[in-house]
Engineer: 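Please see the structure below; I have some questions.
Lettering follows sequence order; numbering is per chain, from 1.
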Amino acid sequence: MLAAGAGMAKDSGGSAEAQVALGRRLFHDGDLSINGTLSCATCHDPRHSFADGTRAHPGAHGEPGLRNVPSLVNVGAFSPLTWGNDALTTLELQALVPIAGEDPVEMGMKGQEAELARRLSANGCYRKLFKAAFPKARGRIDFATVSTALAAFQRTIVSHETAWDRATSGGAPLPEAAVRGEAVFRGGAGCASCHSGREFTDLGFHRLAGEPASAPNGDFGLARVSGRSEDRGRFRTPSLRNVALTGPYLHDGSAETMADAIVRHGIALSPGDAADVEAFLDALTDTAVTTDTRYARPGKTCEIS
Amino acid sequence: MGAAFDATLAPTPKVDYVLEPGKPGGSVSFGGLFAFDVAKAGRYRIAQNGRSWVDVIVDGKAVASAAHGHGPECSGITKMVEYDLPSGRHLLQIAANGEAALTVMVAPVR
C-alpha cells in the first residue's frame, strides 16, 4: 500500500490556480522519470485524447508495458482508477503508481523522492509555483505535493463537447445511424448496463463473456490486487468518451478496432446493428479537447513572475 | 549515409535545438543535432538503438514522418522512423534519450 498521507497534501492556503499550472508543467516534464525520457504526457498525449495509440507503452528503460494506456478525459469523475485496482480511489494516490511503481516499472522513481526534489528545485519557475501552490508546506517539493498538483491539473481535463452531448441538450440531432445505434446500445444489446451514465461507465469490474479468466499476458485483472480467484479476468469498465480516438482497445490493447473490441464482448449483434453502434460511438468524439491549449505542454515562460 | 554512427549526446539543458522537439525530455535526458547529406531525393529510414525522439529538419521545418516501426527482433534496433526527403544537407535533431551514447543509422529505403 502507498504511504498514508499521500493525497493529503491539501494546502488550504494554496491557490488552486497555481496547483493546476504546476500540475500541467509536471505532467509534461520528463524529469518525473529516472532518465528524463518519460513524462506523463508521453503516454497520455493530449493530442491522442490523453492515450498513446500503442498496445502497451514501455517504461523508462524499455521495461515492457502490461496494460493499454487509458484516456484521461473526465478522469476527475472516476473512482476507483485504472483497469484493475479498486483501492486506487484518488488521483493523488494513482499518480504515485507511474512515478514510483514497480509492477510494471514506468517512470522508475521508486526511492528517488530526494532526486526529484533536487531536479525540480533547480528550476526557478518550479520553486515559485510550488510556493504559490503549497504556501503552508512552504513550497516543499516531494511526492505528496507533486501528486496533489498533478491531480489538480487532471481534474481540469473535462470533455463534454461531442455531437451526442449537443443532441441531448437540444442541439442538432445525431445522424440516423447513430440514433439507431444508441437505441441498440441502450436496448437489446445491454451495453448501457455497464457503459452507463454520462461517462458511459459504471466504474465496476467485469469479465467479458467471451474472455478467459487468465489472459495470454498473464494479467489476472482485479485479482492481481484482490487475490480472489473470482476476480480473475475482471477489468473496470472503460468510459467510451473519445473511444474513436484511443485505439487499440481493451486492457491489453489486443483489439485493433472498435469493432474487434465489441466482438470480444461475446454479445451477438447483427452486422447492421454493429455498424449503427459504431456510428453512435463515433458521436462520442470531442476533438476540441485534443487541441485545447490549456492541456498542451507549457512554454518556457513561467506562469508566475 | 547507410552506415551506423555512434553519436555522443549532450545533456538536454546544454542543447540548442533548432526547433522545439516533439518530445523535449527532462533536464537529466540527452540530445543533440547532427547534419547529414541526402544525395538523391527519396524515402530514408532513421534507425536507432534507443528510444529517443527524432526530428528531421529541412529548411528550418520539421518533416512529418512517413512511417515508423520497430527493428527486427534481436537486431539491436529499437526504433525506426521513415521520412520522404529532398536532396541537400538536412538536420537530424535527437531529444529525450536516456543515455549520452546512441547509435544511429540513416539509410535509403529501397
Engineer: Within the distance-only criterion (no hydrogens, no angle test), does the side chain of A:N35 pair as donor or acceptor with the backbone N or O of B:E99 below 3.5 angstrom?
Structural biologist: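 Looks like no, no N/O pair under 3.5 Å.
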Engineer: Of the non-hydrogen atoms in A:G36 and B:S29, which two are nearest, and what is the gap between them?
Structural biologist: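 So the two residues come closest at O-CB, 3.6 Å.
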Engineer: Can you establish whether the number of heavy atoms outside A:E161 located under 6.0 Å from its atom CD is more than 12?
Structural biologist: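 Result for CD/A:E161: open.
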Engineer: Could you grab the distance from atom CD of B:E20 to atom NZ of A:K300, nearest 0.5 Å is fine?
Structural biologist: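 Nearest 0.5 Å value for the CD-NZ distance: 5.0 Å.
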Engineer: Within this structure, what is the CZ-OG1 distance for the pair B:R51 and A:T42, rounded to the nearest 0.5 Å?
Structural biologist: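 Nearest 0.5 Å value for the CZ-OG1 distance: 12.5 Å.
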Engineer: For the residue pair A:D31 and B:S27, what are the closest heavy atoms and their distance?
Structural biologist: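 Smallest heavy-atom distance, with atoms named: OD2-OG, 2.6 Å.
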Engineer: Closer than 3.5 angstrom, by distance alone: can the side chain of B:K23 be matched with the main-chain N or O of A:T37 as a donor-acceptor pair?
Structural biologist: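 Pair found, side chain donor or acceptor close to backbone of A:T37.
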Engineer: Which bit of A:I34 comes within less than 4.5 Å of chain B, counting heavy atoms only: side chain, backbone, both or neither?
Structural biologist: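 Just the backbone, heavy atoms under 4.5 Å.
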Engineer: Can you tell which of A:R119, A:H61, A:R297 has the highest number of heavy-atom pairs within less than 4.5 Å of chain B?
Structural biologist: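 The option with the most such pairs is A:R297.
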